[in-house]
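The block underneath contains the structure these notes are about, expressed in structure tokens.
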Amino acid sequence: MRIELTPETWSPATGADAELISRWGLAPNRGWVLALLAGGRLQFSWSADGSVSNNIISTALGLAPGERAAVRVTLDVDNGASGRTATFYRAPSLAGPWTVVGTPFIQAGATSTFAASAPLGVGDLGSIGWVGVPDRLHGAEVRAGIDGTVAARVDWSAAVVGATSHTDTTGRVWTLEGAAEFTQLVPIFMGEVASWPSRWAPSGQDAWVPVEGAGILRRMQQGRKALNSTLRRRIPSAAPVAYWPMEEGDSATQAYSPVPGCLPMTAPGLDWASADTLPGSSPLPTITAGATLKAAVPAYPTSTSWQLEFVYFRAVEPTLLMPIFELATGMSPWPRMSLRMGPGGAVQVMGMSADGESTSILLNGGSGPIAGQWNRLRLSITQDGSQVLISVLVIPIGGAGAAWNGSFAGTVGPVRAISGSYTSVLEGTAIGHVTYFNRTGVQVMDYADHGYNRETAGARALRLAGEEGVQLGLLGAAADTALMGPQRPQTLVELLHECAEADGGILMERPDALGLVYRTRASLYNQSPTLILPYGSIAPSLEPVEDDQAVRNDVTASRRGGGSGRAVVETGPLSVLPSEQGGVGIYDESVELNLADDSQAQPMAAWLAHLGTVDEARYPSIKINMHRHPELIAAVLRLRIGDLVRLTGLPLWVGESTTDLHVMQIQHEPRPRAWTVTLVCTSASPYQVGVVGDQVYGRVDTSGTVLAAPVAADATTWPISITAGRDWITSVEHPGEFPFDVAAGGEVVTVTAITGVAEDQFARTVTAGWGAAVSGQAWIPDGGAVTDYSVAGDVGRHTMTPRNIIRHTLAAVPTADQDLRFDWSLSVLPVGDAAYIFPVVRATGATSMYFGRVQVAASGAMTLTLRKRAGTETQLGSAYATGLTYTPGVWYTVRLAITGSTLAMRMWPQGSTEPTAWQLSATDTDLTAPGSVGCRSILGSTATNAVLTASFDNLRCAPQQMTVTRAVNGIRKAHPTVADVRLAYPTVAAL
């Protein structure tokens, strides 16, 4: 089964699952159905007998909201291994190519699909309580067998507009039902006209009515009535027999009931509207000494169970068991019941005779003090044979409850009245939302009691819209939105905007219906472009604006009724620093958001400061003449607010040749012979966020990197210097992490390798010389015969005999500051004299260089010195006796660094911890130019060794060096020393 569509969202809300294509009726006429579920998943259901269904659910499709795509499922009813296999696919269109979604589902047992007589259909089925597909269907296909014979194939673009049926290529007739239609039109606006003013010319020859359409928000904002509390809105949906919210004003004497036929509760003496801390309620009354209440329960059909539930709050524990409610019932043998509260959270239900002379304790409960918190109490009565089961459940609001149960011989009867008469013992106890049901097990107050605290913003928007009968689509997943605090009474529009503000998403009007769309913040992340717009297709004049309209660099975010967090941007061009120090000064802002937890405030402040310090232009007007560029029509019509538009080929004076923008407004101007679309856009770059493991968005940026030397416009190697933090990864250590893009001076380049400015691991074989280093330079040997130099066994070698010959292998580097290290070893100890190993820096010739000298005496004792050759050789400073004794074949690491005029040296056994202190240092100003680095060796003139070989490995000279492909973004230029180098797409932590 295959179908191609463009839905408003590929992730329906929970409970709004949508059929796609099916042959499915009521049991026993079930065949199969493919549906789209919450979370962007597919469900395939089939029946082998027409009644019992089998279901499998795919992983997330990974499709963007509104993306046109095809989905497919195959069912191998007998996979040859005593089982069946189902596989889900996705593709750009029915033509493919198809990509498997997740992994195939393999289940035990062969199966079959029932030959249902239900018609083949797409969209909403009357036999399934789902909602159908909200948008455009393009084609569908059903095959008998996997890649088998086509049983049905339809392309609705070939249907006749206005027709009620269409015959596909297999001869099958598709008939429209309900509001379905064949159309080539794409709605760009649906609105309401609120005013019809008459206009006419004085001559009377012409008359007209100018009209202005508006989306649904205009009408929704006309009324300013706040929605009731969540409990007041929620409880009536469960059809109670009686309900008194008790949310009246402070001068009330009775409580209204929203249940038809239920009279008000009279309650003189209560302190009305004095308890306002229950998240799911408007203010409630508290009990005062001498207060009473009385309420009649409407008559209802006889039932064998009932439930009484209410909320309450006690500031202190009562000192005695005292009744909070007395119930007049038709129950025997106890027609009156007293519900009592006492110290330590005690609850008691007492049965009483009609005259009050006889009593019986029917239930005792209590699990400890509960003063200082809001609770719900649920009293349930159920007939069970000759016994009446009684249960009391006390639920701390927002927590877990405790229940106590009892029973007595008797018969359940209806509650006819509820009353209360109070002394000072219960004074200050708040009560409200007294509700009576003619059944048990009703949980309608769950979640509503705490105002749906910790509900996600997306789920709240969907719930509110559903409760108020407003069509609202969700772009993105509700589970990915921010957790919110309690819902308080406000207008619907205010509550919806509160959701968008807490999450950071966008609330917008639907262009194709009188409804709304909420686009989640997460759906804005890392988008692929919906529209790629070449510069040549943009109508004059494109005028990006760089101003301070959106600058916010000092942001405080506060949780409503809770704590706050603050984020201050202290570095960068839009920081709080004064302009003379490279910033723009303070642009502060404070926002209050309905968040679930104080811990959300600081990240939200940081996110808003991140959005407010994007150093890029906004684009208040991008005009496209659609009549001149019809090739763009399809993509433009797919645009929705928040989609990504990519401008390409921009001129140099605009900045980057390619820029990504988010569409914030779409304006259509249709005329008889022209059609202009204007887009209002902001930068999309702050929504490029980190994705763990992703090759582009999973990279942490450098803490500080600059060019270590100037580079020409055509240079493909860039020497870099780390000014803060750790080195960049190297292509030798992490070859799988390359390539990636970096930016410098507006130019984006692709880094294909990173080495030191000189680097070599000697993984090659060379018999005369050393060949070329990993970093690209040729090794230049000097001294002795060329056969004295070789590379084999992953090391470079100097044959040090004949003795008393200085041998060099040098590689040119472009920087004057150099930090050279390599590993070395000797095949044997020198005999009769010393052997010497030298790291060399700033070498411009055989007689011009700095070097460190490692002297290995015949005894194995090792001594370090710093030296230079500027014509003659001079020791710089004193010698350092290492205290180490060399053993043939053992490896050591030596490091020589020069920065400005300072030389430093240290040495340690390979593989051990590098010393933190330099063992030698000296200052010299004679040699300042960049030069080569490398290895030098000599065997003393009186040594008698027949053969002695020095081996070298793991040579690396900092600064690092990037091998780059230039002008990835169309900009190519020379860059000076200390030009800033950073990832083109650094990881930004998503909110």
### Task
For Arg869 and Phe851, indicate whether the former's side chain and the latter's backbone hold a donor-acceptor pair under 3.5 Å.
no

### Message
To check you understand the geometry: which heavy-atom pair defines the closest contact between Asn553 and Ser575, and what is its length?
### Response
ND2-O, 3.2 Å

### Task
Measure the spacing between CE of Met905 and CG of Leu876 and express it to the nearest 0.5 Å.
12.0 Å

### Task
Report yes if the side chains of Leu679 and Ile666 come closer than 4.5 Å at any heavy-atom pair, otherwise no.
yes

### Message
Ignoring hydrogens, what is the shortest heavy-atom contact between Ser683 and Leu661? Give both atom names and the distance.
### Response
CA-CD2, 4.1 Å

#### Entry: Side chain proximity check, Tyr619 to Leu647, heavy atoms < 4.5 angstrom
yes

### Task
Decide yes or no for Thr678 and Glu669: does some side-chain heavy atom of the first lie under 4.5 Å from some side-chain heavy atom of the second?
no

### Query
Quick one: does Gln818's side chain have a donor or acceptor within less than 3.5 Å of a partner on Gly931's backbone?
yes

### Task
Run the salt-bridge test on Arg566 and Asp554 with the 4.0 Å N-O cut-off and return the result as yes or no.
yes

### Task
Using the side-chain contact (heavy atoms from CB on, under 4.5 Å) rule, take Asp660 and Gln527 through it: C-alpha gap first, then chi angles, then the decisive distance, then the call.
CA-CA 10 Å; Asp660 287 348; Gln527 295 184 68; over 6 Å; no

### Task
Anything under 30° is parallel, anything over 60° is perpendicular, the rest tilted; go ahead and classify Trp779 against Phe762.
parallel

### Query
Minimum heavy-atom separation for Val680 to Pro620, with atom names?
CG2-O, 3.3 Å

### Message
Taking the side chain as everything from C-beta on, heavy atoms only, tell me whether Thr658 gets closer than 4.5 Å to Val748.
### Response
no

### Query
Is there a donor-acceptor pair under 3.5 Å between the side chain of Asn526 and the backbone N or O of Val689?
yes

### Task
Without swapping roles, check the side chain of Tyr789 against the backbone of Asp782 for a donor-acceptor pair under 3.5 Å.
yes

### Task
Mind checking side chain to side chain contact (heavy atoms under 4.5 Å, CB included) for Thr682 and listing every partner two or more places apart, or none if nothing turns up?
His662, Met664

### Query
Does any N or O in the side chain of His808 come within less than 3.5 Å of the main-chain N or O of Arg936, such that one atom is a donor and the other an acceptor?
no

### Summary
Between the OG1 atom in Thr648 and the CG atom in Leu533, the distance rounded to the nearest 0.5 Å is 7.5 Å

### Query
Taking it one step at a time, do Tyr587 and Leu574 satisfy side-chain contact (heavy atoms from CB on, under 4.5 Å)?
CA-CA 9 Å; Tyr587 285 76; Leu574 297 181; over 6 Å; no

### Message
Tell me every residue that passes side chain to side chain contact (heavy atoms under 4.5 Å, CB included) with Arg982, counting only those two or more places apart in sequence or in another chain.
### Response
Asp701, Thr702, Asp980

### Query
Step by step, would you call Asp714 with Arg966 a salt bridge (charged side-chain N to carboxylate O under 4.0 Å, His left out)?
CA-CA 7 Å; Asp714 59 351; Arg966 301 295 297 269; 5.9 Å; no

### Task
Determine whether Thr977 and Pro710 make a side-chain contact, defined as any pair of heavy atoms from C-beta on separated by less than 4.5 Å.
yes

### Query
Would you say Arg906's side chain and Glu914's backbone share a donor-acceptor pair under 3.5 angstrom?
no

### Task
May I ask you to decide if Val555's main-chain N or O and Glu589's side chain share a donor-acceptor pair within less than 3.5 Å?
no

### Task
Starting from the C-alpha separation in whole Å, work towards a yes-or-no answer on side-chain contact (heavy atoms from CB on, under 4.5 Å) for Asp503 and Thr520.
CA-CA 7 Å; Asp503 181 51; Thr520 70; 4.0 Å; yes

### Query
Rounded to the nearest 0.5 Å, how far does CG of Leu991 lie from NE2 of His610?
10.0 Å

### Task
Evaluate ring-ring contact (aromatic ring centres under 6.0 Å, His included) for His798 paired with Trp770, printing each intermediate quantity in order.
CA-CA 10 Å; His798 287 183; Trp770 276 11; 5.3 Å; yes

### Side chains of Asp643 and Arg638 in contact at under 4.5 Å (non-hydrogen atoms)
no

## Note on the structure
Rounding to 0.5 Å, atoms OG (Ser775) and CD (Gln960) come to a distance of 12.0 Å

### Query
Considering residues, nucleotides and ligands other than Arg628, do more than 12 of their heavy atoms fall under 6.0 Å from its CZ?
no

### Task
Determine, stepwise, if the pair Leu531 / Ile624 fulfils side-chain contact (heavy atoms from CB on, under 4.5 Å).
CA-CA 12 Å; Leu531 172 65; Ile624 313 165; 4.2 Å; yes

### Message
Using only atom types and a distance under 3.5 Å, with no angle test, would you say the side chain of Thr815 pairs donor to acceptor with the backbone of Asp817?
### Response
yes

### Message
Does Arg618, at its CZ atom, have more than 12 non-hydrogen atoms belonging to other residues, nucleotides or ligands within less than 6.0 Å?
### Response
yes

### Query
Okay, side chain of Asn625, backbone of His627: is any donor-acceptor separation there less than 3.5 Å?
no

### Message
To check you understand the geometry: which heavy-atom pair defines the closest contact between Ala753 and Ser731, and what is its length?
### Response
CB-OG, 3.5 Å

### Query
So which heavy atom on Ala715 is nearest to which on Val964, and how close?
O-CG2, 4.1 Å

### Query
Can you tell me if Thr925 uses its side chain to pair, donor with acceptor, with the backbone of Ser901 under 3.5 Å?
no

### Summary
Distance col, row Leu866:CG vs Leu920:CG, nearest 0.5 angstrom, shows 5.0 Å

### Query
Can you tell me how far OH of Tyr850 sits from CG of Asp924, rounded to the nearest 0.5 angstrom?
3.5 Å

#### Entry: Ile722 and Trp728, any side-chain heavy atoms less than 4.5 Å apart
yes

### Task
Quick one: closest heavy-atom pair of Thr928 and Arg842, and the distance?
CA-NH1, 3.7 Å

### Query
Above 12 or not: heavy atoms from other molecules or residues under 6.0 Å from OH of Tyr697?
yes

### Query
Do Tyr687 and Leu611 come within less than 4.5 Å of each other through their side chains, counting heavy atoms only?
yes

### Task
Could you tell me whether the side chains of Glu616 and Ser685 share a donor-acceptor contact shorter than 3.5 Å?
yes

